[in-house]
Amino acid sequence: MKNLISFFIKYPVSVNVLMAAVFIFGLGGLSRTKSSFFPLEDSKFITISVNYPGASPSEIEEGVVLKIEDNLRGLVGIDRVTSVSRENSASISVETLIDANIDRVLADVKNAVDRVPSFPVGMEPPVVAKLENANDAISFTISGDGIPLKTLKEIARGIEDDLRNMGISQIELKGFPAEEIEIAVRENDLRGFNLTFEEVARAVAATNLLTTGGNIKTSAEEFLIRANNRSYFGDELEFIVVRSDPSGNTVRLRDVADVRDKWSESPDRLYYNGKPAVQIAVKTTNNESLTEAAENVRQYMTKYNQQYDNVHLDISRNESKVLEDRIDLLLENGGLGVLLVLILLSLFLKPSIALWVAVGLPFSMFGLFIFAPNFMTINVISLFGMILVIGILVDDGIVIGENIYA
């Protein structure tokens, strides 16, 4: 330390160059440091999703879940396996060890699932994926006077597309149940046309499909054969032919059934100030900044509310507000610390010493941010630590200033 101090006394210009470099590189590191509510953690969960339409929880447990769990036993890097079986579906959660390579464990889990000798007929292929961490950033509601829920959902889909074009990847829509198409067969019309319920069901299943039929190669080009006849709205299904004869008589679905679009029976509804509403929840991944995403959403909401009068966007939850309050508290404490150092040391020591001690506070903080992007984020924990460190830096600065004066 004595040699270092002697070097800086002999070459004072090097001190100024060092300080300028720390401030410049620290400012660049601050701009690259991401923000999050809590410190980021790498994901250590792998999920296996299974869909088996028409199956009971016990059937899924015996025919699917137990087979997968048997193959997962003994895999390296797995800490715990939990599963939940419900009607029509099941989910298996694989928790890895802290020091395990989750990508390697993910590959092993996929291989274990593929080794299952047989799954029940009618079950969809299981989906194995790494559960990515998503941190809540900001949520807002979409509501308006006299606007039906279906229209609000369409508006929310448009807003979702706008937000994704802005670079926001994690967006979740809430406040409405799933849409479904109801086909209510009329018994009297079935009897009148001498049809059965199974014939109607087979006609819908055989017509409403999206499939490929191979290809045809010629000497000049290649033709792909596809049957693209899938419908997504009830009025498109009304013209499905249930039965036809050589004389040209046809019975269509609308002749024997009422087809309409409706919401599922799930009680998933959301109201804002007594009006139906849809909520959009914006989340961030470990590669995104919470404050930046929240600020972009707030700017979008302001522009949207200025353009439209019948629909209004209102913030329901903003995690970045707590983070911004902590940042303001840090800046306020830092500013007060610098001011007190300047005043008190100027009174009892020398103004020049007070100035350099005060400069040492931001110098230390900018020195931190040179390396901060590599190991930390700006979050409520790290900001609390910075607030405590400011007090320590002020005390150390005063002690050093007194020794220089002595």
Side-chain angles (χ1 to χ4, degrees), residues 34-38 40 43 47 49 127 129 131-182 230-236 260-325 327 377-379:
K34 296 181 176 62
S35 60
S36 61
F37 193 81
F38 287 115
L40 299 179
S43 175
T47 60
S49 302
V127 178
L131 183 62
E132 297 289 348
N133 291 332
N135 311 299
D136 294 331
I138 186 172
S139 301
F140 61 93
T141 58
I142 308 170
S143 60
D145 294 327
I147 299 180
L149 185 59
K150 188 175 182 62
T151 304
L152 289 176
K153 180 184 176 182
E154 295 175 356
I155 295 174
R157 292 297 185 190
I159 295 177
E160 179 186 9
D161 294 337
D162 293 340
L163 294 179
R164 292 194 185 279
N165 293 332
M166 293 167 53
I168 299 175
S169 59
Q170 303 296 317
I171 303 174
E172 182 180 359
L173 272 60
K174 304 177 182 178
F176 53 86
E179 290 186 77
E180 60 184 24
I181 300 176
E182 181 185 72
R230 178 173 292 178
S231 302
Y232 298 93
F233 299 97
D235 55 358
E236 299 173 352
R260 64 176 183 269
D261 300 314
K262 58 173 292 187
W263 302 104
S264 66
E265 297 180 356
S266 172
D268 189 3
R269 297 290 192 279
L270 182 68
Y271 293 89
Y272 184 82
N273 291 335
K275 296 177 289 187
V278 173
Q279 184 183 60
I280 296 182
V282 176
K283 300 183 179 182
T284 56
T285 62
N286 289 358
N287 298 322
E288 298 172 334
S289 177
L290 185 145
T291 54
E292 182 179 349
E295 179 61 25
N296 292 337
V297 171
R298 288 200 297 265
Q299 293 179 1
Y300 176 84
M301 293 176 60
T302 301
K303 294 180 181 179
Y304 192 94
N305 289 332
Q306 292 174 352
Q307 293 177 355
Y308 302 96
D309 297 331
N310 57 337
V311 180
H312 201 268
L313 309 184
D314 300 279
I315 296 177
S316 57
R317 184 177 181 182
N318 187 4
E319 298 292 349
S320 67
K321 185 67 171 60
V322 179
L323 201 60
E324 292 171 354
D325 292 342
I327 294 175
T377 62
I378 299 176
N379 55 75

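Within a 6.0 Å sphere centred on NZ of Lys262, other residues, nucleotides and ligands contribute more than 12 heavy atoms. Crowding of Arg317 atom CZ: a count of heavy atoms from other residues, nucleotides or ligands under 6.0 Å not exceeding 12. Within a 6.0 Å sphere centred on CG of Asp145, other residues, nucleotides and ligands contribute 12 heavy atoms or fewer. Within 6.0 Å of NZ in Lys303 there are 12 or fewer heavy atoms belonging to other residues, nucleotides or ligands.
Rounded to the nearest 0.5 Å, atoms CD1 (Ile138) and OG1 (Thr284) are 11.5 Å apart. Here the CD atom belonging to Glu179 is positioned 3.5 Å from the NZ atom belonging to Lys153, to the nearest 0.5 angstrom. Put simply, OG1 on Thr291 and CG on Leu323 are 6.5 Å apart, with the number rounded to the nearest 0.5 Å. Here CG of Leu152 is found 7.5 Å from CD1 of Ile142. Values are rounded to the nearest 0.5 Å. Atoms CD1 and OG, on Ile171 and Ser139 in that order, are 11.5 Å from each other to the nearest 0.5 Å. Here OG1 of Thr141 is found 7.0 Å from CD of Gln279. Values are rounded to the nearest 0.5 Å.
Pairing each heavy atom of Asp136 with each of Leu290, the nearest pair is O-CD1, 3.4 Å. The two residues Glu288 and Lys283 have their closest heavy-atom pair at OE1-O, 3.9 Å. Among all heavy-atom pairs drawn from Ala156 and Leu173, the shortest one is CB-CD2, 3.7 Å.
When atom types are taken as modelled, the side chain of Asp261 and the backbone of Gly234 share a donor-acceptor pair closer than 3.5 angstrom.
The pair Arg298-Glu295 counts as a salt bridge, with a side-chain nitrogen and a carboxylate oxygen less than 4.0 angstrom apart. Ion pairing between a basic and an acidic side chain is recognised when a charged N comes within 4.0 Å of a carboxylate O; Asp161 and Arg157 show no such pairing.
Looking only at atom types and distance, the side chain of Thr285 has no donor-acceptor partner in the side chain of Asn287 under 3.5 Å away.
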